[in-house]
Asks: 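Structure below; questions to follow.
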2 protein chains.
Amino acid sequence: MSKRILIVEDEPAIRDMVAFALGRAGLEAVHAADVRAAQDVIMARVPDLILLDWMLPGMSGLEYARRLRRDEMTREVPIIMLTARGEENDRVSGLEAGVDDYVVKPFSARELLARIKAVMRRVQGETDAGTVELGGLRIDGPAHRVFANGQPVAMGPTEYRLLHFFMSHPERVYSRAQLLDQVWGGNVYVEERTVDVHIRRLRRTLEPFQLDDLVQTVRGAGYRFSTTP
Amino acid sequence: MSKRILIVEDEPAIRDMVAFALGRAGLEAVHAADVRAAQDVIMARVPDLILLDWMLPGMSGLEYARRLRRDEMTREVPIIMLTARGEENDRVSGLEAGVDDYVVKPFSARELLARIKAVMRRVQGETDAGTVELGGLRIDGPAHRVFANGQPVAMGPTEYRLLHFFMSHPERVYSRAQLLDQVWGGNVYVEERTVDVHIRRLRRTLEPFQLDDLVQTVRGAGYRFSTTP
DNA sequence: CACTTTCGTGACGCCTTCGTGACGCCGTCC
DNA sequence: GGACGGCGTCACGAAGGCGTCACGAAAGTG
């Protein structure tokens with residue numbers, strides 16, 4: 001199954017050039033002219049990477065990028081924005097909104113491919129299906145439900161996102177700042193210690209199932225989800 | 001220990017602007033006017049990120065980037081290049097040479113900081129590196145864990161950093177001053193004998209596994225990590 | 001064999017980091 | 001509009017590390 005790239009771009013010239021370049025590189029290009037069409041494509045199959053034009057009919061690309069980042073399905077799909085030259089402030093907003101990289105028009109096919117390659121290599125190994133099962137815990141992504149030893153568990157939205165992130169990236173330490181980035185989403189302004197509190201709440205809901213030691217503290221570094229104490 | 005950024009740039013105007021911006025953001029800026037000076041800085045302590053001017057006296061920045069990528073010490077330090085506008089082909093060569101990102105002059109301090117932040121976060125999450133295995137010891141960098149003969153070992157943060165540094169640079173003697181630079185970070189004022197104490201603590205945690213003689217004393221010179229007594 | 005230098009080691013007090021309960025705010029649901 | 005649940009922040013306390021010191025052992029030095 002080859003990598004599928006979604007191009008959200010309304011200018012036919014660029015779209016065709018990109019599609020041609022991707023095709024030659026052995027990547028599958030899917031094209032959408034606006035946000036509505038893009039959503040249809042995503043519903044059919046979540047792409048491996050999204051090329052997003054800065055200006056879209058009806059909605060700015062930046063706004064759409066934020067929306068993609070909020071959506072559970074597309075949260076971890078890398079996004080490369082295609083921008084016109086200039087507008088540094090907005091480029092910053094994009095990076096802060098979670099966009100992975102930029103390519104400035106006019107760009108060469110060669111540059112675009114290099115960027116795509118770099119971004120995909122960067123996120124490799126972090127691919128994520130909706131449902132995860134690990135160490136007595138199971139998360140059913142589509143159903144948005146958690147089971148501990150087969151028993152359904154109730155928890156708040158933030159706890160859920162935190163647990164989901166941890167289970168998608170086990171055996172790895174994340175600092176409070178990283179968790180704020182990944183779980184709370186790009187640039188919310190929240191105290192770092194807030195993470196501690198939610199770790200506590202997550203542990204408390206897992207306590208009745210003796211699963212609270214899956215969430216481990218690494219002093220001076222952050223937290224880790226691991227099945228081996 | 002704050003993050004240390006090395007700026008390799010010969011134009012004083014840009015250098016000062018960058019240093020000022022970094023300082024305000026709580027990052028430590030170290031500056032070098034040419035490649036030779038940069039190497040000196042790196043020898044003192046490997047920086048957390050390198051800002052590299054495209055044109056340098058004596059050597060092109062791209063060439064230097066390649067050299068940094070070949071060197072064991074700096075292989076995994078992210079590099080951001082500062083380039084003049086234009087020359088897309090070369091930008092591609094840079095990405096292929098392992099440069100992590102570009103900032104095009106003239107750039108705003110805000111954009112630079114956003115890029116730096118993005119790159120550091122990216123590298124932090126991605127790196128499989130930091131994983132070392134040597135002489136019965138294994139350090140899992142991402143998981144922030146140490147195994148001795150397969151058994152997990154608990155230790156404090158400083159012990160961990162010390163061991164990690166030693167295992168990344170085995171068979172080589174480091175003076176107490178060098179260890180303070182590399183492990184504690186440049187500008188901390190601590191007694192040199194403090195190193196002794198942490199060496200002692202590291203040995204003690206390795207003792208139960210008969211691995212404590214990996215850390216060797218070189219009288220009058222410093223300490224060494226070696227698999228051959 | 002004295003004498004000096006260097007290193008190992010245990011103990012101690014301070015400071016940072018983390019866990020935890022409580023509180024107030026805000027949105028949602030009856 | 002009242003109740004409720006979830007979230008972010010704070011304050012306090014406990015625990016764990018860390019840096020320093022002092023003393024003794026070991027290794028050079030002459």
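Chain letters run A, B, ... following the sequence lines, proteins first and then strands; every chain starts at 1. Since the structure is predicted, the reported quantities are computational estimates derived from the model, not experimental observations.
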Asks: Could you check how far CD of B:Glu159 sits from P of D:dG16, rounded to whole Å?
Replies: 14 Å
Asks: State, yes or no, whether a side-chain contact exists between A:Thr205 and A:Arg201 at a heavy-atom distance under 4.5 Å.
Replies: no
Asks: Using atom CG of A:Leu180 as one end and atom C1' of D:dT9 as the other, report the distance to the nearest whole Å.
Replies: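 It is 13 Å, rounded to the nearest whole Å.
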Asks: Check for a donor-acceptor pair, side chain of A:Asp53 on one end and backbone N or O of A:Val8 on the other, with a separation under 3.5 Å.
Replies: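 Checked: no pair found.
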Asks: Roughly how many Å is it from CD1 in A:Ile199 to P in D:dC7, rounded to a whole number?
Replies: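 Spelled out: CD1 on A:Ile199 to P on D:dC7 is 13 Å.
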Asks: Do any N or O atoms from the side chain of B:Arg4 and from the backbone of B:Val30 form a donor-acceptor pair under 3.5 angstrom?
Replies: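 It does not hold such a pair.
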Asks: CZ of B:Arg224 versus C1' of C:dC7: gap in Å, rounded?
Replies: 15 Å
Asks: Identify which nucleotide among D:dC10, C:dG19, C:dT6 has an atom closest to any side-chain atom of A:Tyr223, counting heavy atoms from C-beta outward.
Replies: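 So the side chain of A:Tyr223 is nearest to C:dG19.
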Asks: Between C:dG8 atom P and B:His198 atom NE2, what is the distance in whole Å?
Replies: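 Between P of C:dG8 and NE2 of B:His198: 14 Å.
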Asks: Please write out the pairs of protein N or O atoms and N or O atoms of nucleotides 20-25 of chain C separated by less than 3.5 Å, giving the distance to one decimal.
Replies:
{"unit_1": "C:dG21", "atom_1": "OP2", "unit_2": "A:Arg200", "atom_2": "NH2", "d": "2.4"}

Asks: Starting at atom CG of A:Leu179, determine the distance to atom C1' of D:dG8, rounded to an integer number of angstrom.
Replies: 16 Å
Asks: Considering only D:dG8, D:dT20, D:dG6, which nucleotide approaches the side chain of A:Thr194 most closely?
Replies: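 Closest nucleotide to the A:Thr194 side chain: D:dG8.
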Asks: Compare all side-chain heavy atoms of B:Leu82 with those of B:Glu9 and state whether any distance is below 4.5 angstrom.
Replies: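 Contact flag for B:Leu82/B:Glu9 side chains = yes.
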Asks: Considering only D:dC18, C:dC18, D:dG6, which nucleotide approaches the side chain of A:Pro157 most closely?
Replies: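 That would be D:dG6.
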Asks: Return yes if some donor-acceptor pair links the side-chain N/O of B:Thr74 with the main-chain N/O of B:Leu68 below 3.5 Å, else return no.
Replies: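 Flag set: sc B:Thr74 to bb B:Leu68 pair under 3.5 Å.
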Asks: Does C:dG19 have its OP1 or OP2 closer than 4.0 Å to a side-chain nitrogen or oxygen of A:Thr217?
Replies: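 Checking C:dG19 against A:Thr217, a side-chain N or O does come within under 4.0 Å of OP1 or OP2.
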Asks: Is the backbone N or O of A:Thr228 less than 3.5 Å from a side-chain atom of A:Ser226, with the two atoms forming a donor-acceptor pair by type?
Replies: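 Side chain of A:Ser226 to backbone of A:Thr228, a donor-acceptor pair under 3.5 Å: yes, one is there.
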Asks: If only side-chain N and O atoms of A:Trp184 are considered, is one of them under 4.0 Å from the OP1 or OP2 phosphate oxygen of D:dG8?
Replies: yes
Asks: Over how many whole Å does the gap from A:Tyr189 atom OH to D:dG8 atom P extend?
Replies: 13 Å
Asks: Any donor and acceptor pair, going by atom type alone, linking the side chain of A:Glu171 with main-chain N or O of A:Arg224 inside 3.5 Å?
Replies: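 It does not hold such a pair.
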Asks: How far does the helix from C:dC1-D:dG30 to C:dC30-D:dG1 bend, going by the axes of its first and last five pairs, to the nearest 10°?
Replies: 20°
Asks: How many Å lie between CZ on A:Arg219 and P on C:dC18, as a whole number?
Replies: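 Between P of C:dC18 and CZ of A:Arg219: 6 Å.
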Asks: For the pair A:Arg172 (side chain) and B:Pro142 (backbone), establish whether a donor and an acceptor sit closer than 3.5 Å, ignoring hydrogens and angles.
Replies: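 The answer is no, because no donor-acceptor pair under 3.5 Å joins these two groups.
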Asks: Test of understanding: with side chain to side chain donor-acceptor pair (under 3.5 Å), list the residues that count as partners of A:Arg138, not counting sequence neighbours.
Replies: none
